[in-house]
Amino acid sequence: MAPISEMTEFVCYCHQHTKADIEADLIKHHGRSSIMEKIIYHRKQGLCECDTKHPEKR
């Protein structure tokens, strides 16, 4: 099991998805992540706010 700090580290600060969320989603959807698809879609549409919500502004 991953350390607690790694489990709570967000991959997406807009919707607060963690690495663990994406890994579970991959397993649930047999190798396809609906979370990653949503993140990619939002970035392409200019709807991503991670640059302002990320604590390091990146």
Side-chain angles (χ1 to χ4, degrees):
M1 179 173 248
I4 297 294
S5 62
E6 189 175 312
M7 290 174 59
T8 57
E9 186 175 325
F10 296 120
V11 172
C12 174
Y13 283 82
C14 294
H15 303 287
Q16 300 184 333
H17 293 298
T18 64
K19 182 179 176 182
D21 294 335
I22 294 170
E23 289 173 348
D25 194 44
L26 283 166
I27 292 167
K28 180 179 177 181
H29 294 103
H30 308 287
R32 185 173 177 180
S33 173
S34 61
I35 293 172
M36 283 304 299
E37 289 173 0
K38 289 175 190 174
I39 291 170
I40 292 166
Y41 174 79
H42 284 150
R43 289 194 57 87
K44 286 182 179 180
Q45 297 298 313
L47 303 172
C48 178
E49 297 178 25
C50 283
D51 57 341
T52 57
K53 292 184 177 186
H54 192 285
E56 296 175 6
K57 304 295 183 215
R58 55 186 177 129

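- The side chain to side chain contact (heavy atoms under 4.5 Å, CB included) search around Asp25 returns His29, Ser33, Ser34, Ile35, not counting sequence neighbours.
- With respect to Ile40, the side chain to side chain contact (heavy atoms under 4.5 Å, CB included) criterion is satisfied by exactly one of Lys44, Glu37, Lys38: Lys44.
- Closest of all the heavy-atom pairs between Cys48 and Arg43 is SG-NH1, 3.3 Å.
- The side-chain heavy atoms of Ile39 and Met36, taken from C-beta on, include a pair separated by under 4.5 Å.
- His17 and His15 have tilted rings, their planes meeting at an angle from 30° to 60° on a 0 to 90° scale.
- When the side chain to side chain contact (heavy atoms under 4.5 Å, CB included) test is applied to Leu47, the partners found at least two apart in sequence or on another chain are His42, Gln45.
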